Enquirer: 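Before I ask anything, here is the structure I am working with.
Lettering of chains follows the sequences in order, A, B, ..., and the numbering in each one begins at 1. If you're wondering where the values come from, they're calculated on a predicted model, not measured in any experiment.
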Amino acid sequence: MQVASVIVDVAARQTDKEFDYKIPEKWEGLIQPGMRVIVPFGPRKIQGFVTALKNASSAKKLKSIIEPMDLLPVLNPELLKLADWLTETTLCFKISAYQAMLPAAMKAKYEKVFRLREAAASMNEELLSLFHRHDEITWEMAEKEGLLAALRQEVKANRAELIYKVTSKGKKKSIRMIGLALSDDKLADSMNALSANARKQKDVLSYLQAAELPLLPAKEVMEQTGTSNGTLKALIEKGLLVERYQEVYRDPYENRQFEQTEPLPLTDQQQTAIAPILGSIEDVRHETFLLYGVTGSGKTEIYLQSIQRVLEKGKEAIVLVPEISLTPQMVHRFKGRFGDDVAVLHSGLSAGEKYDEWRKIQRKEVKVVVGARSAVFAPFENLGIIIIDEEHETSYKQEENPRYHARETAIERAKFYQCPVILGSATPSLESFARAQKGVYQLLSLPNRMNNQRLPDVEIVDMREELRHGNRSMFSRALFEKLTDRLEKGEQTVLFLNRRGHSSFIMCRDCGYVAGCPHCDISLTYHRYSHQMKCHYCGFEEPVPSTCPECQSEHIRYFGTGTQKVEDELGKLLPQARVVRMDVDTTSRKGSHEKLLQQFAEGKADILLGTQMIAKGLDFPNITLVGVLSADTMLHIPDFRSAEKTFQLLTQVSGRAGRHQLQGEVVIQTYTPDHYSIQLAGKQDYDQFYKEEMVMRKLGSYPPFYYLALVTVSHEDLLAASSATEKITHYIQARLSNEAIILGPVASPIARINNRYRYQCLIKYKREPKLNHVLKSVMEHYTKQHNDKGLQVAVDVNPFIMM
DNA sequence: CATTAAAACATG
DNA sequence: ATGTTTTAATGG
């Protein structure tokens, strides 16, 4: 007898273990570890993942697998092992780890339907008529009609049954193909046998006869011959045509031409940097490289040529980029070099498109994957390199379970395949740079820009000074002057608005009242298009008050300049300027992002105005001025990384200027011009920033000197939350060494979300082998309370967001 | 003692 | 997570 160990699709602590199932004889030898199966679980049917096969089970009773959902495993043995590691290090459920590795389209969909077994006179009339009209009544239908109770009775009486359905969300797309059913000579006979009236049918047959391929898309045949589906159907009926459904991929880049490029000759510094990488590929040796190079120093060409070598070895490559839909230029470079060998995975694709790209990888139809965070799980089996571009980006950390970091995950996979990892950045994360300093990673530097282009000149403007001079607009005199100058010269400008930190809120000028969410301790955000105040945490919404609810004053001010407002002001000050605005509002529609960029690239606009999303990957030759409207909004968020983030962002934005022949200029407007992150970003001096920031981190006992783990506890009752956090803090403290620093319990920076009070405990540590075990037992112990007392405990190992 | 709601339990 | 069983609470 064959038995399969299965992880079931129920994300809960109690079910986070293997359940054994008998493999029916007909599937023996077919069902493999890594496959999805449908299994009975209690009274229902659910999806599960086979993790192992055995000959016997210690379980008292065994049920049988209902059916496999895959013909081949969707998770290879290496990925199954990686899931174990993910579960262990991020303290998530095994099922969550599996699901994170697969495209969302493969998540199971569950449906409950009632079916009539035998009608009885005693039945509810409404119910009978519903069953008369429908074969099945879905659970939702029954709920809406208020028939659930009645149906439950009928099920009990065995006159109806409740059926649990499991389906995969993802649908393979297929198209109808048409071909001739008979060989030529037989066909001739049949054609003669056709009545003279069947002109159209004859047309179709001769069209197909003339075609080179045996099967043609039905749509094409109908268009070309001017016939309708009826004609085809008739021919199929007569046995003259065959119809087949052929699976096709949804190709998001279908109508795009990518000009093929050849490897460029490397500069000396690129040569020096790439040599160790090629060496590591050659020796099949795992090593992590930190490729530290300023913007425009030619990192991408190093990526491309390293991959080239990997492909020559018959291996595969993964390239991670922060958010690829935002950097179409990156896709172009990879598609341009490796053509159809490239699959692309990013959030701009539909679920179906992602599923198709994933299947291309699984079927080994591509060799290179370019994608966002989750692409680190691309199901390759002969990996030769993993590249993480802009490795400092925080989007590489997933903020829901499993809370993994793509960088650590990539390194774990690379260890298995004994292949190199390249971390590329102009402003490496402090963690990575410190590791490079210690020799954990090998540091590769590209200190100079290609063709020794000068870095842009940066001017830091003190906005307090502007105010003192009576300038109350959002443009400093310096920026405005330069802006006008560029307009005259016909050169382009990028205006960057950093809205993270405090987004637009409203405040009463008389009493200082700020509209806050009634369920969360956070101010509401103003949304212009709907003229509503919204809470970004719980979704609460209310119209903007016309008078202050506190003091009835009518002096209500909108704070936190939005892009829209900047656009309006630009329109007033420089009516002749053509402005392209890019933010969440203007790029929400699919493809609009690229369209706007295209517009700007073609010179149809003078000014590109936007938020975060324009900081990355723009490379247009005509941009000679970059303006940062308020550099310090991010500095004030309570996060030990705020200086680092500010520095990274400013450096990155500045890098947009003057990447080609024309010299670039940058204007940074700030209220805190003396802050080292702003000063040093102005000088583009990463090394000095690293030194100064390391001192701060050391003083605060923060990474990279200490690791962090954050425990967040929430409860509807403030006291319950705080006292539970206190107990947890003590419990943890008692089990760790004296080296560990434990902060808490303290209220979270956002003390209440959705009417739940939040407390936290922050653990700073260097080496605590027992920590994961301790945290696990905390969660275990408190899941019990979760059910009865409404307590929620969440653990984030190596958190990025401390709120 | 019946009815209903809440808590405990099991899921192979 | 979710459906079932057990236990407790409510009310006559």
Enquirer: Starting from P on B:dG12, measure out to NZ on A:Lys45 and report it in whole angstrom.
Expert: 15 Å
Enquirer: In whole Å, what is the span from the CD atom of A:Gln99 to the C1' atom of C:dA1?
Expert: 12 Å
Enquirer: Please give, in whole Å, the distance from C:dT2 P to A:Leu162 CG?
Expert: 13 Å
Enquirer: Between the side chains of A:His519 and A:Asn754, is a donor N or O closer than 3.5 angstrom to an acceptor N or O?
Expert: no
Enquirer: Under a 4.5 Å cut-off applied to non-hydrogen side-chain atoms, are A:Ser714 and A:Ile753 in contact?
Expert: no
Enquirer: Do A:Arg13 side-chain and C:dA1 base share a donor-acceptor contact under 3.5 Å?
Expert: no
Enquirer: Base, sugar-phosphate or nothing for A:Tyr21? Non-hydrogen atoms, less than 4.0 Å.
Expert: sugar-phosphate
Enquirer: Nearest-Å distance, NZ (A:Lys63) to C1' (B:dA10)?
Expert: 10 Å
Enquirer: Counting only heavy atoms not in A:Phe800, do more than 12 fall under 6.0 Å of its CZ?
Expert: yes
Enquirer: How would you label the contact of A:Tyr164 with the nucleic acid (heavy atoms, under 4.0 Å): base, sugar-phosphate, or nothing?
Expert: sugar-phosphate
Enquirer: Assign the ring pair A:Phe41 / A:Phe19 to parallel, tilted or perpendicular, where the plane angle (0 to 90°) is split at 30° and 60°.
Expert: perpendicular
Enquirer: Using atom NZ of A:Lys107 as one end and atom C1' of C:dA1 as the other, report the distance to the nearest whole Å.
Expert: 12 Å
Enquirer: Round to a whole Å and report the spacing from CH2 of A:Trp139 to C1' of C:dT2.
Expert: 10 Å
Enquirer: Just compare B:dT11, C:dT4, B:dG12 and give me whichever is closest to any side-chain atom of A:Ala59.
Expert: B:dG12
Enquirer: Just the rounded figure in Å: distance from P of C:dG3 to NZ of A:Lys112.
Expert: 4 Å
Enquirer: From CZ of A:Phe19 over to C1' of B:dA10, roughly how many Å is that when rounded to an integer?
Expert: 9 Å
